[in-house]
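Structure first, commentary second.
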Amino acid sequence: MAPRAPKGTRDVLPAEGRVRAGVEAVSAEVMATHGFGRVVTPTFEETEVFVRGVGTATDIVRKEMYTFEDRGGRSITLRPEGTAPVARAYVEHGMHKLPQPVKLWYMAPMFRYEAPQSGRFREHWQVGAEAFGSDDPLLDAEMIALLAEIYARLDVPDVRLRISSMGDPDGRTAYREMLLAHLAPRADSLPRDARERMDENPLRLFDMKDDAVRTAMADAPLLLDNLGDAAREHHQRVLEALRLMGIPYEEDPSLVRGLDYYTRTVFEFTCDRLGAQSGIGGGGRYDGLVESLGGPAVPGVGFGTGVERITLALGDAAAGAPVVDAYLAAPEADIRMALMPVLRDLRRSGVRVEAGPAGKSLKAMMRHASSLGARHVIIVGPREHAEGLATIRDMTTGDQVEVPVGEVHVHVAAPGVDA
RNA sequence: GUGGGCGUAGCUCAGCUGGUAGAGCUCCUGGUUGUGGUCCAGGCGGUCGUGGGUUCGAGUCCCAUCGCUCACCCCA
């Protein structure tokens, strides 16, 4: 059997590659206008980065990491998420001494050992941004606005924003007791995995789709109604800023992000075109993360958005055809050889030009040029070659002109390209 | 990890109650001498996921196995 791409991985072919290039370009533009600098962290980290950063109660750390021992006996893990590594780099390079906040972004692959399904892979790419060193709620709002702007510029359809607050750690501990007290008399009606989850993180029960769980949670006290004063004030400021910027949101008390590090603001963008995995991007504030990685007590806020989910939401229509300005058709091998410098010069001057392989008939080349969508075909047969000419055919009008070979670039140049 | 669906040419699929493999698209070559997109003709291309079994005979039935896919869980 011929080898295949490993389970949960995929090959991105040129049509989709063009869409991804657009995602990256738009992200880079929007990040720049918001003052974010690009970082590239290693594809793998010491396992400790994720154990301490993401938290041992999370599914990511408990059962989804690609962890192995390298030949030097170190425990290594393929990056399952982007925030912890960037926080690690922030600490490692003493970035807390730079003017705060420090704003960083990335586009990088993530690896999680999960059962693949629509929109979920074992390797996926995320565009993410992290801002360290400020607890200003307006920074949270800016992060959300930044992500919304990326979706808007890409024309991602049917995007909705849900937002909530996880409160502060002490407040969350108190709320947790309140929630457990609510659940205790109902525990018998819950399925086993729900009861197990009660011990680890009862908040997660809000995410479950099981009917028994839903009825038990229907009248449960909400974290959002039990925030401490500071967290509540923070949350209101975030919402006010969103309103001022005209960013629609739905406050959703049941929104619980599955990473332990979140504090206060949490948000998620969903897209209805995505099927069961409707989340297209999300993030929140993580005021304890840097400290848990051995750094100073520095607050932070960030998000990640899935590149595959964006391209999935955009659909096939987003994959435009490749652009070819000109097609060089020279059936005779010797002539084709003689035109190599011409081909080079055309490309050097910015013309996107394909050349038919010698040995094919002119008819075959015309067909090829047509299927590539070439705007012009440069025909050089024995007659033209003897006189130093080239025939240029406009493929949309069918008009043909003969010009000196040296002037071909003037006639086939792409709009906006100075010849 | 659990459950549903599916595995036939590069792609999308057809093959009814078992008789020894097809279509469309793509690609290639032609339709007279150097010209595309339409049309016409021809051609390339498949150990019918894999391994067993039943049968005179299996793509079609049975068993196993692998893979893909969707959903749960979780997340981007």
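In what follows, every chain begins at residue 1, and chains take the letters A, B, ... in the order their sequences are listed.
Side-chain contact check for Met31(A) versus Ile150(A): some heavy-atom pair is nearer than 4.5 Å.
Comparing G30(B) with U47(B), their P atoms sit 28 Å apart, to the nearest whole Å. Across G36(B) and C28(B), the matching P atoms stand 14 Å from one another, rounded to whole Å. Taking atom P in both G46(B) and U38(B), the straight-line distance is 27 Å, to the nearest Å. A distance of about 6 Å separates the P atoms of U8(B) and G49(B), rounded to the whole Å. To the nearest whole angstrom, the two P atoms, one in U65(B) and one in U2(B), are 12 Å apart. Comparing C6(B) with C44(B), their C1' atoms sit 29 Å apart, to the nearest whole Å. Comparing G19(B) with G10(B), their P atoms are spaced 25 Å from each other, to the whole Å. For the C1' atoms, the distance linking U29(B) with A71(B) amounts to 48 Å, nearest Å.
A donor atom on one side chain and an acceptor atom on the other are found under 3.5 Å apart for Thr83(A) and Glu130(A).
When atom types are taken as modelled, the side chain of Arg393(A) and the backbone of Val377(A) share no donor-acceptor pair closer than 3.5 angstrom. His182(A) contributes a side-chain N or O that, together with a main-chain N or O of Ala216(A), makes up a donor-acceptor pair within less than 3.5 Å. Listed for the Ser165(A) side chain is no donor-acceptor partner under 3.5 Å among the backbone atoms of His235(A). No donor-acceptor pair closer than 3.5 Å links the side chain of Glu407(A) to the backbone N or O of Val410(A). Formation of a donor-acceptor pair under 3.5 Å by the Arg347(A) side chain with backbone atoms of Val353(A) is found in this model. Of the possible polar contacts, one joining the Glu308(A) side chain to the Trp125(A) backbone as a donor-acceptor pair under 3.5 Å is found.
Counting non-hydrogen atoms of other residues, nucleotides and ligands closer than 6.0 Å to OH of Tyr249(A) gives a total above 12. For Glu46(A), the CD atom is loosely surrounded, since the number of other residues' heavy atoms within 6.0 Å does not exceed 12. Around CZ of Arg162(A), the count of heavy atoms belonging to other residues, nucleotides or ligands within 6.0 Å exceeds 12.
One atom, CD1 of Ile378(A), and another, C1' of G36(B), lie 15 Å apart when rounded to the nearest Å. Atom pair Arg214(A):CZ and C72(B):C1' shows a separation of 12 Å (rounding to whole Å applied). Here the C1' atom of nucleotide U69(B) and the CD atom of Glu308(A) are 17 Å apart, to the nearest Å. Taking atom CG of residue Leu255(A) and atom P of nucleotide C75(B), one finds them 10 Å apart after rounding to whole Å. A straight line from NE2 of His376(A) to C1' of G36(B) spans 15 Å, rounded to a whole angstrom. In this structure, the CG atom of Leu259(A) is 11 Å from the C1' atom of A76(B), given to the nearest Å. Atom CD in Glu402(A) sits roughly 15 Å away from atom P in U35(B) (whole-Å rounding). Computed from coordinates, the Glu64(A) CD to C75(B) P distance equals 8 Å when rounded to whole Å.
Remark: Arg112(A), Glu114(A), Ala115(A), Gln117(A) in residues 107-117 of chain A come within less than 4.0 Å of RNA chain B through at least one heavy atom. RNA chain B is contacted by no residue of residues 18-36 of chain A, taking any non-hydrogen atom closer than 4.0 Å.
At A76(B), none of the side-chain N or O atoms of Thr305(A) fall inside 4.0 Å of OP1 or OP2 (strictly under the cut-off).
Each of Asp140(A), Thr263(A), Asp135(A), Asp136(A) was scored for a side chain to side chain donor-acceptor pair (under 3.5 Å) with His234(A), with one residue passing: Asp140(A).
Taking the nucleotide of RNA chain B with the nearest heavy atom to each of Ser118(A) and Thr391(A), the more 5' of the two is matched to Thr391(A). Projected onto RNA chain B by closest heavy-atom contact, Ala5(A) and Arg309(A) fall at different nucleotides, the more 5' of which corresponds to Ala5(A).
Note on Gly119(A): a base of the nucleic acid sits closer than 4.0 angstrom, heavy atoms only. Within 4.0 Å of Ile280(A), counting heavy atoms only, lie sugar-phosphate atoms of the nucleic acid but no base atom. Using a 4.0 Å heavy-atom distance criterion, Lys7(A) is classed as a sugar-phosphate-only contact. Using a 4.0 Å heavy-atom distance criterion, Glu123(A) is classed as making no nucleic acid contact. Across all strands, Ile60(A) comes closer than 4.0 Å to no nucleic acid atom at all (heavy-atom distances).
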Polar-atom pairs under 3.5 Å, protein N or O versus N or O of nucleotides 37-45 of chain B: list them with distances, or write none.
unit_1	atom_1	unit_2	atom_2	d
G37(B)	O4'	Ser370(A)	OG	3.4

Please produce a list of atom pairs where a protein N or O lies less than 3.5 Å from an N or O of nucleotides 5-12 of chain B.
none

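Ring planes of Tyr286(A) and Tyr261(A): perpendicular class, angle over 60° (limits at 30 and 60°).
No salt bridge links Glu24(A) with Arg20(A); every basic N to acidic carboxylate O contact stays at or beyond 4.0 Å. Comment: Glu29(A) engages Arg153(A) in a salt bridge, judged by a side-chain N to carboxylate O separation of less than 4.0 angstrom. Of the charged side-chain nitrogens involved, at least one lies within less than 4.0 Å of a carboxylate oxygen, so that Arg186(A) and Asp219(A) count as a salt-bridged pair.
You'll find that the side chain of Met366(A) is closest to G36(B), out of C73(B), G36(B), G34(B). The nucleotide whose nearest atom lies closest to any side-chain atom of Ser361(A) is, among G30(B), C75(B), C27(B), G30(B). When the nucleotides U35(B), U29(B), G67(B) are ranked by their closest atom to the side chain of Arg4(A), G67(B) comes out on top. Closest contact between the side chain of His124(A) and the listed nucleotides C72(B), U35(B), A76(B) involves A76(B). Side-chain proximity of Gln277(A) to the nucleotides C73(B), A76(B), A71(B) is greatest for C73(B). Comparing C72(B), G34(B), U35(B) by their nearest atom to the side chain of Gln400(A) picks out U35(B).
Put simply, His368(A) does not rest on the base of G36(B): the two rings are not both less than 5.5 Å apart at their centres and under 30° in tilt.
With hydrogens and angles left out, the side chain of Arg120(A) and the base of C70(B) share no donor-acceptor pair within 3.5 Å. Between the side chain of Arg204(A) and the base of C73(B), no donor-acceptor pair under 3.5 Å is found.
Applying the ring pair (Phe, Tyr, Trp, His ring centres under 6.0 Å) criterion to His368(A), with sequence neighbours excluded, gives Tyr327(A).
Helical stems in RNA chain B, defined as runs of 3 or more consecutive Watson-Crick or G-U wobble pairs with both donor-acceptor distances under 3.5 Å, are listed by first residue as B:1-7 with B:66-72, B:10-13 with B:22-25, B:27-31 with B:39-43, B:49-53 with B:61-65.
Under a cutoff of 6.0 Å and an axis angle of 45°, Arg79(A) and Phe111(A) do not form a cation-pi pair.
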- Message: Under the criterion side chain to side chain donor-acceptor pair (under 3.5 Å), I'd like the reasoning laid out for Glu384(A) against Thr391(A): C-alpha separation, chi angles, the key distance, then a yes or no.
- Response: CA-CA 7 Å; Glu384(A) 288 94 344; Thr391(A) 295; 2.6 Å; yes
